[in-house]
Amino acid sequence: MAAAFLPATSLRLAPFSTLRFLSLFHISNPSPYSLFRPRRRLLFEDPAANSRRRRFCTGTSLSPSSSDGKNNHGNQIWSKVGEFRKKLRVAEVKGGADEGLGRVGQSLSVMGWVRTLRSQSSVTFIEINDGSCLSNLQCVMNPNAEGYDQVEAGSVLTGASVSVQGTGTKQKVELKVHKIILVGKCDSSYPIQKKRVSREFLRTKAHLRPRTNSFSAVMWLELGILWRMLHTSSFKKVDLSGWQALLSLRPIVKALENSSVSPLSSPAPMRPQILLIDAIPKTKGGTSLGVLDRLWATQWRNLCNRSLRCKTLLSRVVTSENSNTSRHLAEFWMIEPELAFADLDDDMACATAYLQYVVKYVLDNCKEDMEFFDTWIEKGITHRLSDVVEKEFLQLSYTDAIELLLKANKEFEFPVKWGLDLQSEHERYITEEAFEGRPVIIRDYPKEIKAFYMRENDDGKTVAAMDMLVPRVGELIGGSQREERLEVLEARLDELKLDKESYWWYLDLRRYGSVPHAGFGLGFERLVQFATGIDNIRDVIPFPRSPGSADF
């Protein structure tokens, strides 16, 4: 288990919900991650070979109770989820009382975006930034460094993403480069160069302005204020399902009760103008609680998070999806980490480390509450949560999961067929019965049932998506590796007949220094439901709002 998978400084924009274990985010930083560790093949050591390849963790011989554990070809169908390892950040290189002098002579590997580049006759200076701090890391590169030909050829421009390996020098926070890898090229039309630009101009480039000093500093200050407020010892944070919702959502709902609006009939363009206008479904009794169309509410916020890579958002989601079940709300909170320089392996490992850390915190720090839940809500919940911390998480492909379900000696209400999404009963069977209460991650779903931005696998039929399944709840976390290849993403938009002009800014993120990246979403109330044993998700939030019900 990764005891410190996310630094406290990764959190942003997060009014938090009610449960006391939310101080779980107060996490100490682990030892810096280095790409020189030989534990796994480097993600960027061979960009050509990595352009389409996907890798998964090594296998292990565990057998579910209801199956021989083999697919139709006689192969083992599941494997362990790997350990999450944090990459070395510029802030860590430059941090500490010695301001980086302790790194002298150390082999370092840093990934980030080029802020400036200037070449002299015998040396090239490259400043890179990964968003972890305001200042850049200066990298000094001689012509004999591996990859220098890319610099000579003019491929490494401002805005490009690079992986730099070298040695810390005597001068503070300077890196002598031995090897540079161009991860993502940057188009020469990149609008944010070294010269100063006005804030008015940056408002028109909102998807790129997090790379500027001004906007980055604003976000970090915002984080510092929020973090201090959340950790004020004299008060406890009580969210009441979002007081922002109480102040803003209800008046909007009331004002629009008599509006003549209809639901969307096609995927929403990624434009903020549709907010509360085209996306408001109409019901017989007036405007439904689903003020935002689900596609807009999830994808727009999700896509925006990509421009803030290596950040964690906690956002309120309002959806018009008509799901009246014990694990769905029409308004809920979603925790959404986005990891730069990461693939699906990293995504699954981060999600696993996150859940294990949360559960361990609850068991260690909420003992009185857990005793209450164990006595009155769900017998044995403490044991169930302990299994989450102690047992290794498993992963298997969607294709193998379908085979497992087809071989199950059980009748399901919903059909099991390749190409159909898994239902709650399927998910719970896999985690509760087939794998005896062990959390399981299903990966590589058919691309037809997943979002357009998920990275297409080599088979052309599936995408690098994953869902984490846990007992009693089913799907708890959903995520994917995002499509970082501009031409593949454009082809996918064409295939789905989506207007590329509506996604111009999202495509820009692939045009200007694209990097492999991944992320996941975790429904916060569903996490509370899992940790408390409460049967219905509407009972873990003070003022639940469900389809057709906005009484509070």
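Here, residue 1 is the first one in the sequence, and each next residue gets the next number. Every value quoted in this text rests on a predicted model; they were computed, and no experiment measured them. Reckoned from all heavy atoms, side chains included, excluding hydrogens, waters and symmetry mates.
Annotation: cation-pi pair R203/F201 absent, no NZ/CZ under 6.0 Å from the ring centroid and within 45° of its normal.
The closest donor-acceptor contact from the side chain of E484 to the backbone of H517 lies at 3.5 Å or more, if one exists at all. The backbone N or O of R89 sits less than 3.5 Å from a side-chain atom of E92, completing a donor-acceptor pair. Using modelled atom types, no side-chain atom of N142 and backbone atom of N144 make a donor-acceptor pair closer than 3.5 Å. For H426 (side chain) and S424 (main-chain N/O), no donor-acceptor pair under 3.5 Å exists by modelled atom type. Between the S132 side chain and the A91 main chain, a donor and an acceptor come within less than 3.5 Å of each other. Remark: the backbone N or O of K497 is not paired with any side-chain donor or acceptor of D494 at under 3.5 angstrom. Between the side chain of N129 and the backbone N or O of S135 there is at least one donor-acceptor pair closer than 3.5 Å. In terms of modelled atom types and a separation under 3.5 Å, the side chain of Q395 and the main chain of R443 share no donor-acceptor contact. Proximity of a side-chain donor or acceptor of N136 to a complementary backbone N or O of Q138 within less than 3.5 Å is not detected. Of the possible polar contacts, one joining the D347 side chain to the S480 backbone as a donor-acceptor pair under 3.5 Å is found.
Under the 4.5 Å side-chain criterion, counting only non-hydrogen atoms from C-beta, L493 is in contact with L507. At a threshold of 4.5 Å between non-hydrogen side-chain atoms, the residues V164 and L108 do not count as touching. Contact of the V473 side chain with the V470 side chain is registered, since non-hydrogen atoms from C-beta on lie closer than 4.5 Å. For the pair F125 and L117, the minimum side-chain heavy-atom distance is 4.5 Å or more. Using a 4.5 Å heavy-atom threshold, the side chains of I449 and L420 count as separate. Counting heavy atoms from C-beta on, the side chains of E490 and R510 never come closer than 4.5 Å. Contact of the V81 side chain with the L394 side chain is not registered, since no non-hydrogen atoms from C-beta on lie closer than 4.5 Å. Side-chain atoms of Y148 and T124, non-hydrogen and from C-beta on, do get closer than 4.5 Å to each other.
S161 and Y512 form no side-chain donor-acceptor contact under 3.5 Å, judged by distance and modelled atom types alone.
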What verdict does the side-chain contact (heavy atoms from CB on, under 4.5 Å) test give for V93 and V110, after you've listed the backbone C-alpha separation in whole Å, the side-chain angles of each residue and the deciding distance to 0.1 Å? CA-CA 9 Å; V93 175; V110 180; 4.1 Å; yes
Run Y190 and L157 through side-chain contact (heavy atoms from CB on, under 4.5 Å) and show every step you take. CA-CA 9 Å; Y190 182 61; L157 301 173; over 6 Å; no
Run I430 and I442 through side-chain contact (heavy atoms from CB on, under 4.5 Å) and show every step you take. CA-CA 10 Å; I430 291 172; I442 309 296; 4.3 Å; yes
With side-chain contact (heavy atoms from CB on, under 4.5 Å) as the test, would you mind laying out the steps for L396 and I441 before giving the verdict? CA-CA 6 Å; L396 70 157; I441 295 179; over 6 Å; no
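A distance of 10.5 Å separates CD1 of I477 from CE of M334, quoted to the nearest 0.5 Å. Interatomic distance, OG1 of T116 versus NZ of K194, reported as 5.0 Å (0.5 Å rounding). Between the OG atom in S189 and the CZ atom in R511 there is a gap of 7.0 Å [rounded to 0.5 Å]. In this structure, the separation between CD on Q481 and CE on M348 is 10.0 Å, given to the nearest 0.5 Å. Between atom OH of residue Y398 and atom CD1 of residue I402 there is a gap of 4.0 Å, rounded to the nearest 0.5 Å. Interatomic distance, F520 CZ to L476 CG, rounded to the nearest 0.5 Å: 9.5 Å.
Enclosure of atom NZ in K94 by more than 12 non-hydrogen atoms of other residues, nucleotides or ligands within 6.0 angstrom is indicated. For K176, the NZ atom counts as loosely surrounded, since its 6.0 Å shell holds 12 or fewer non-hydrogen atoms of other residues, nucleotides or ligands.
Of all heavy-atom pairs spanning L202 and R209, the tightest one is O-CD, 3.7 Å. For M141 against G147, the heavy-atom pair with the smallest separation is CE-C, 4.0 Å. For the pair P439 and T431, the tightest heavy-atom approach, listed with the atom from each and the gap, is CA-OG1, 4.0 Å. When every heavy atom of K185 is checked against every heavy atom of L182, the shortest pair comes out as CG-CD2, 3.5 Å. Closest approach of F84 and D346 over heavy atoms only: CD1-O, 3.6 Å. Annotation for A160 and C186: closest pair N-CB, 3.4 Å, computed over non-hydrogen atoms.
Ring pair Y503/F452: centre-to-centre distance below 6.0 Å.
A salt bridge between E483 and R492 is absent, with no side-chain N of the basic residue lying under 4.0 Å from a carboxylate O of the acidic one. Ionic pairing of E495 and K447 is present here: one or more N-O contacts between side-chain nitrogen and carboxylate oxygen are shorter than 4.0 angstrom. Salt bridge annotation for R482-E338: present, with a cationic side-chain nitrogen under 4.0 angstrom from a carboxylate oxygen. In summary, E127 and R115 do not engage in a salt bridge, as defined by a charged side-chain N under 4.0 Å from a carboxylate O.
Among H178, E174, Q106, R103, the single residue meeting the side chain to side chain donor-acceptor pair (under 3.5 Å) criterion with T167 is H178.
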Only distances under 3.5 Å count here; give the side-chain donor-acceptor pairs of residues 460-469 to other protein atoms, sequence neighbours excluded, each with its distance to 0.1 Å.
unit_1 : atom_1 : unit_2 : atom_2 : d
T462   : OG1    : N457   : ND2    : 2.9
T462   : OG1    : D459   : OD1    : 3.0
T462   : OG1    : D459   : OD2    : 2.8
D467   : OD2    : Y445   : OH     : 3.1

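Between W113 and F341, the ring-plane angle classifies as tilted under the 30° and 60° cut-offs.
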